[in-house]
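Below is one structure, written out as structure tokens; the observations come after it.
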There are 2 protein chains.
Amino acid sequence: MIDRSATAVRPLPDELADRIDLAAPVFADNGLDATRIDDLAKATGIPRATLYYYFPGKEHILAHLLSRTLRQMTATLSDVAAEPGTGRERLARLVRAHLVFIGEHGPTYRLLFAELGRAASLVDIAAGVDVAILSPIRQALRDGHNDGSLHIDDVSAAASVVYGAVLVTGMQHLLLGTSGDLANRADAISNVILRGIGGKPTPRQSRRTTTGGT
Amino acid sequence: MIDRSATAVRPLPDELADRIDLAAPVFADNGLDATRIDDLAKATGIPRATLYYYFPGKEHILAHLLSRTLRQMTATLSDVAAEPGTGRERLARLVRAHLVFIGEHGPTYRLLFAELGRAASLVDIAAGVDVAILSPIRQALRDGHNDGSLHIDDVSAAASVVYGAVLVTGMQHLLLGTSGDLANRADAISNVILRGIGGKPTPRQSRRTTTGGT
DNA sequence: GTGACGATTGGACGATACGTCTAAGCTACG
DNA sequence: CGTAGCTTAGACGTATCGTCCAATCGTCAC
């Protein structure tokens with residue numbers, strides 16, 4: 001329907017590429033719908049006519065920003081995933097790094113999912129999420145299975161569990177403003193994922209954590 | 001910012017309450033933004049002026065629908081959760097029922113999350129999600145812990161893992177149109193959640209499931 | 001130096017959709 | 001039969017979109 005160019009129809013000059021980033025907080029504050037092109041123009045200092053010169057519409061500006069964040073996340077997570085260690089260790093690091101990323105890019109991350117439905121039709125952000133997030137997870141899972149540090153029957157199911165845990169935890173944090181540090185939750189989550197919640201009492205006797213909840 | 005009334009400012013007559021449901025597919029197809037009030041009027045057969053008589057705007061109509069779906073989900077899941085059995089059994093049933101619900105209410109469910117960012121500002125849908133979904137999960141977890149069928153250290157972390165797994169699986173299905181039946185994935189997910197992916201080879205030797213994936 | 005071309009931008013424009021409002025018709029109840 | 005509230009068509013006024021044009025400016029080739 002619309003051309004697949006992730007960013008803009010015309011190549012975006014570097015100077016504008018920098019300034020357009022200033023649009024992110026505006027989108028984050030108001031959402032796609034309530035954001036006026038004029039707001040973006042004001043916030044970025046780029047005149048409205050120029051914005052339209054480079055972007056077909058505000059959705060494309062948002063898509064540009066989101067795919068940028070997605071690339072950032074891809075870079076961050078793949079760096080973390082590349083560090084040495086067993087698959088199990090790397091998985092734990094991925095979980096932590098992901099939560100930290102959510103904490104740092106809260107508004108944008110929330111935007112990513114809030115507008116995923118809309119923006120996904122312009123860019124294949126859904127696919128980008130897969131590459132950025134699920135793919136390193138799957139890799140760590142496979143590696144862990146091979147090096148014996150993990151035990152995976154169904155890679156895709158396990159990846160869904162891992163990602164889901166992170167996503168829900170992050171979203172609770174972003175939407176409901178739950179308990180303090182996201183990074184702190186990483187251990188609790190990794191624990192559950194690794195040990196499971198099946199009946200068999202695990203090696204270390206039940207060291208109670210924050211049993212409470214919201 | 002806007003009053004918290006979940007549905008409408010005026011009490012909605014039953015007859016209209018029925019018809020307004022016809023607006024759901026319209027929203028689901030187009031999203032909040034692209035849906036015109038006139039479209040809703042046409043789809044529901046309720047004149048525009050009447051819509052405005054009962055709802056302050058289309059966002060409130062959407063909020064009304066979403067909270068309705070949420071109530072439905074609450075009912076469905078709490079029914080399932082109420083069935084007899086160990087916490088572990090009920091948890092597995094919850095996972096399955098939830099996935100089935102997603103499969104059946106695909107468009108609306110997707111909408112629920114696509115517009116959550118926006119709608120959450122009108123209604124406390126985020127809180128509704130918590131009640132509808134997380135709360136029965138937590139209950140099953142606690143019960144399972146007490147009856148010995150589960151082993152939970154951190155209820156809220158475990159609940160996040162469970163819900164996240166379901167959510168991500170469901171979303172993959174809805175957005176990417178992954179493999180066939182959602183209900184089929186329920187077992188794989190429950191397996192991972194219960195047994196964990198930690199190295200210790202589980203009691204029953206690794207009965208390989210669908211090791212493949214996307 | 002000069003002309004050409006593309007980037008840049010202010011401002012005007014038509015279109016669309018929103019949400020408001022009015023007024024007329026209708027129903028129901030006392 | 002009269003009042004009150006529900007219902008609805010249609011007319012507005014407003015906001016924002018996206019398009020378009022014309023003026024300006026910088027750069028490059030000749």
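Note that the coordinates shown come from a computational prediction; the quantities given were computed from them, not determined experimentally. The chains referred to below are lettered A, B, ... by the order of the sequence lines, with proteins before strands, and numbering in each begins at 1.
Contact annotation: Tyr52(B) side-chain N/O to dG19(C) OP1/OP2 distance is under 4.0 Å. At the phosphate of dT7(D), neither OP1 nor OP2 sits under 4.0 Å from any side-chain N or O atom of Thr50(B). OP1 or OP2 of dA7(C) has at least one side-chain nitrogen or oxygen of Tyr53(A) nearer than 4.0 Å.
Atom CZ of Arg19(A) and atom C1' of dT8(C) are 12 Å apart (whole Å). Atom CD1 of Ile37(B) is separated from atom P of dT8(D) by 15 Å (rounded to the nearest Å). Atom CG in Leu32(A) sits about 15 Å away from atom P in dT16(D), given to the nearest Å. In this entry the distance linking CZ of Arg36(B) with P of dA15(C) reads 17 Å, nearest Å. Rounded to whole Å, atom C1' of dC18(C) lies 14 Å from atom NE2 of His60(B). Rounded to a whole Å, the CG atom of Leu51(A) is 15 Å from the C1' atom of dT16(D). As a whole-Å value, the separation of Leu40(A) CG from dT16(D) P is 12 Å. Note: CD (Glu15(A)) to C1' (dT8(C)) measures 11 Å, nearest angstrom.
In plain terms, the two heavy atoms of Phe55(B) and Ile20(B) that are nearest each other are CE1-CD1, 4.1 Å. Nearest heavy atom pair, residue Lys58(A) against residue Leu40(A), reads CB-CD1, 4.3 Å.
Side chain to side chain, Arg185(B) and Ser156(A) meet the donor-acceptor criterion of an N or O pair below 3.5 Å.
Under 3.5 Å, the side chain of Arg48(A) and the base of dT19(D) form at least one donor-acceptor pair of N or O atoms.
Along DNA chain D, the nucleotide nearest Asp38(A) and the nucleotide nearest Ile46(B) are compared for position; the residue whose nucleotide lies closer to the 5' end is Ile46(B).
Proximity of the aromatic rings of Tyr109(A) and His105(A) is defined here by a centroid distance below 6.0 angstrom, and this criterion is not met.
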